[in-house]
2 protein chains.
Amino acid sequence: MSFVDYSIRVLRSRGYKVTRPRREVLDAVERAMAPVSPYDISRIVQQRGKHLDHVTIYRVLGLLCSLNLVHKVLSRGGFVKCDLLDEPGCHRFLVCRQCGVLQEFTDEALCYQESQIARRMGFHSEYHLTESSGLCHRCR
Amino acid sequence: MSFVDYSIRVLRSRGYKVTRPRREVLDAVERAMAPVSPYDISRIVQQRGKHLDHVTIYRVLGLLCSLNLVHKVLSRGGFVKCDLLDEPGCHRFLVCRQCGVLQEFTDEALCYQESQIARRMGFHSEYHLTESSGLCHRCR
DNA sequence: AGGTCAAATGCAATGGTGTTGCATTACGGC
DNA sequence: GCCGTAATGCAACACCATTGCATTTGACCT
């Protein structure tokens with residue numbers, strides 16, 4: 001099942017309406033290889049001859065984040081679709097510093113070790129976010 | 001040697017001038033337990049009866065970042081002093097989601113494993129940034 | 001100590017980013 | 001197809017960040 005179809009199922013199952021703006025945002029995020037900002041999405045939608053208010057885009061992205069369907073990539077200020085939907089507490093991204101292309105991965109062992117180190121430092125960690133910067137296969 | 005004194009040495013050694021604004025920003029960052037934003041620093045300086053233009057603060061923080069004396073904490077949009085000055089390619093923070101207090105640590109094994117995973121994914125990683133969110137000792 | 005000059009700062013203006021309140025629209029259930 | 005409510009669009013606003021340029025000042029030299 002595609003990301004858009006899956007997301008629509010999630011929206012319906014949680015009682016959220018499936019609207020044109022939400023479909024448009026999902027579609028823009030699905031196609032993107034690199035993180036897209038709210039204003040990027042605004043431009044993408046306009047290029048298709050349609051229009052979405054930027055406030056709506058912010059609200060849709062906020063909802064999709066809360067449903068763990070998309071992530072905010074802090075180092076880029078943009079959003080990407082969530083590829084690993086069943087790993088809620090630990091997200092790792094490889095972001096190419098040149099083209100911005102992004103790959104998501106997860107690693108249980110890393111996650112466990114980080115929690116242990118945190119515990120030794122008197123800290124109860126709930127969420128790990130790693131953004132590794134480097135060069136992707138193509139940009140090298 | 002204190003963080004401020006060390007930073008001043010670095011500035012001098014690289015040919016940068018040691019000015020009042022730079023001292024003020026360094027001092028504000030040194031005292032802070034949690035990340036401080038440029039506008040936070042502006043307020044801190046004002047409380048001491050002095051004044052710095054926010055543009056200057058941005059520029060000073062940019063310089064200090066480029067010298068690896070401070071870090072930007074993405075999840076908080078603020079800056080902290082760098083505690084581990086000799087670990088340039090790998091930075092890990094524990095950030096308390098309640099009070100914002102921050103602890104820096106590093107771990108060579110984690111860093112190595114991350115690089116290996118990245119390599120297997122066709123990615124040459126240069127910089128790891130992990131921000132773990134959770135609760136600090138006091139907030140629990 | 002004081003003059004010199006480039007680096008650094010302050011100011012004004014501007015553009016981008018993100019939020020709030022409210023009237024209007026349109027989706028989903030009947 | 002109608003209805004009620006959730007969702008959107010609009011206007012306005014607040015905050016964040018950057019740029020260009022005139023003025024100031026720290027470091028160097030004598």
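Quick caveat: nothing in here was measured; it's all calculated off a predicted structure. By convention in this document, chain letters (A, B, ...) are assigned in the order of the sequence lines, proteins followed by strands, and residues within each chain are numbered from 1.
- Rounded to an integer number of Å, the gap from Arg20(B) CZ to dA27(D) C1' is 18 Å.
- Within the 4.5 Å cutoff, no side-chain heavy atoms of Cys82(B) are placed close to those of Leu69(B).
- For Val60(B), whose side chain is taken as the heavy atoms from C-beta onward, the closest listed nucleotide among dT19(C), dA27(D), dT9(C) is dT9(C).
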Using a cut-off of under 3.5 Å, enumerate the N/O to N/O pairs linking the protein to nucleotides 2-5 of chain D.
unit_1 : atom_1 : unit_2   : atom_2 : d
dT5(D) : O2     : Lys17(A) : NZ     : 3.4

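- In this model, the phosphate group of dA7(C) is not approached by any side-chain N or O of Thr19(B) to a distance below 4.0 Å at OP1 or OP2.
- Here the P atom of nucleotide dC15(D) and the CZ atom of Arg76(B) are 19 Å apart, to the nearest Å.
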- Message: Working note: Gln116(B) + Arg119(B), criterion side-chain hydrogen bond (donor to acceptor under 3.5 Å, both in side chains); need CA distance, chi angles, decisive distance, verdict.
- Response: CA-CA 5 Å; Gln116(B) 289 301 306; Arg119(B) 207 165 58 82; 3.3 Å; yes
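- Atom NE2 of His137(B) is surrounded by 12 or fewer heavy atoms from other residues, nucleotides or ligands within 6.0 Å.
- Remark: C1' of dT18(D) and CD1 of Ile57(B) are 15 Å apart, rounded to the nearest angstrom.
- Donor-acceptor pairing under 3.5 Å, judged by distance alone, is absent between the side chain of His54(B) and the base of dT9(C).
- Between Asp40(A) and Arg76(A) no salt bridge is recorded (no basic side-chain N to carboxylate O distance below 4.0 Å).
- Between the C1' atom of dG10(C) and the NZ atom of Lys50(B) lies a distance of 17 Å, rounded to the nearest Å.
- Following rounding to the nearest Å, Ile41(A) (CD1) and dT17(C) (C1') show an atom-to-atom distance of 14 Å.
- Distance from the side chain of Tyr58(A) is smallest to dG18(C) among dG10(C), dG18(C), dT20(C).
- Of all nucleotides listed (dC16(D), dG28(C), dA27(D)), dA27(D) comes nearest to the side chain of Val18(B).
- Residue whose closest nucleotide on DNA chain D sits further toward the 5' end, between Leu63(A) and His51(A): Leu63(A).
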- Run the numbers on Arg23(A) and Val4(A) for side chain to side chain contact (heavy atoms under 4.5 Å, CB included), then give the verdict. CA-CA 8 Å; Arg23(A) 286 177 191 276; Val4(A) 172; 5.8 Å; no
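- One finds no side-chain N or O of Arg14(B) lying less than 4.0 angstrom from the OP1 or OP2 phosphate oxygen of dA7(C).
- Annotation: side chain of Val55(A) is in contact with side chain of Arg59(A) (closest heavy-atom distance under 4.5 Å).
- In this structure, a donor-acceptor pair under 3.5 Å is present between the side chains of Asp5(B) and Ser2(B).
- The list of ring pair (Phe, Tyr, Trp, His ring centres under 6.0 Å) pairs with a residue in residues 76-124 of chain B, not counting sequence neighbours, reads His71(B)-His91(B), His71(B)-Phe93(B), His91(B)-Tyr127(B).
- Few gaps surround CZ on Arg20(B); more than 12 heavy atoms of other groups in view lie less than 6.0 Å from it.
- For the pair Tyr39(B) OH and dA14(D) P, the interatomic distance rounds to 14 Å; values are reported in whole Å.
- For Arg59(B), whose side chain is taken as the heavy atoms from C-beta onward, the closest listed nucleotide among dC11(C), dG9(D), dA13(C) is dC11(C).
- Two residues are said to be in side-chain contact when any heavy atoms from C-beta on lie closer than 4.5 Å; Leu11(A) and Lys17(A) fail this criterion.
- Between Gly77(B) and Thr56(A), the residue anchored nearer the 5' end of DNA chain D, judged by the nucleotide with its closest heavy atom, is Thr56(A).
- Look at CG on Asp53(B): it is 13 Å from C1' on dT19(D), rounded to the nearest Å.
- Comparing the end axes of the helix from dA1(C)-dT30(D) to dC30(C)-dG1(D), each fitted to five base pairs by superposing C1' atoms of four pairs onto the next four, gives an inter-axis angle of 50° (nearest 10 degrees).
- Taking the side chain of Arg22(A) as heavy atoms from C-beta on, and the options dA17(D), dA7(D), dC11(C), the nearest nucleotide is dA7(D).
- Between the P atom of dT25(C) and the CG atom of Leu52(A) lies a distance of 17 Å, rounded to the nearest Å.
- For Arg12(B), a side-chain nitrogen or oxygen approaches OP1 or OP2 of dA27(D) to under 4.0 Å.
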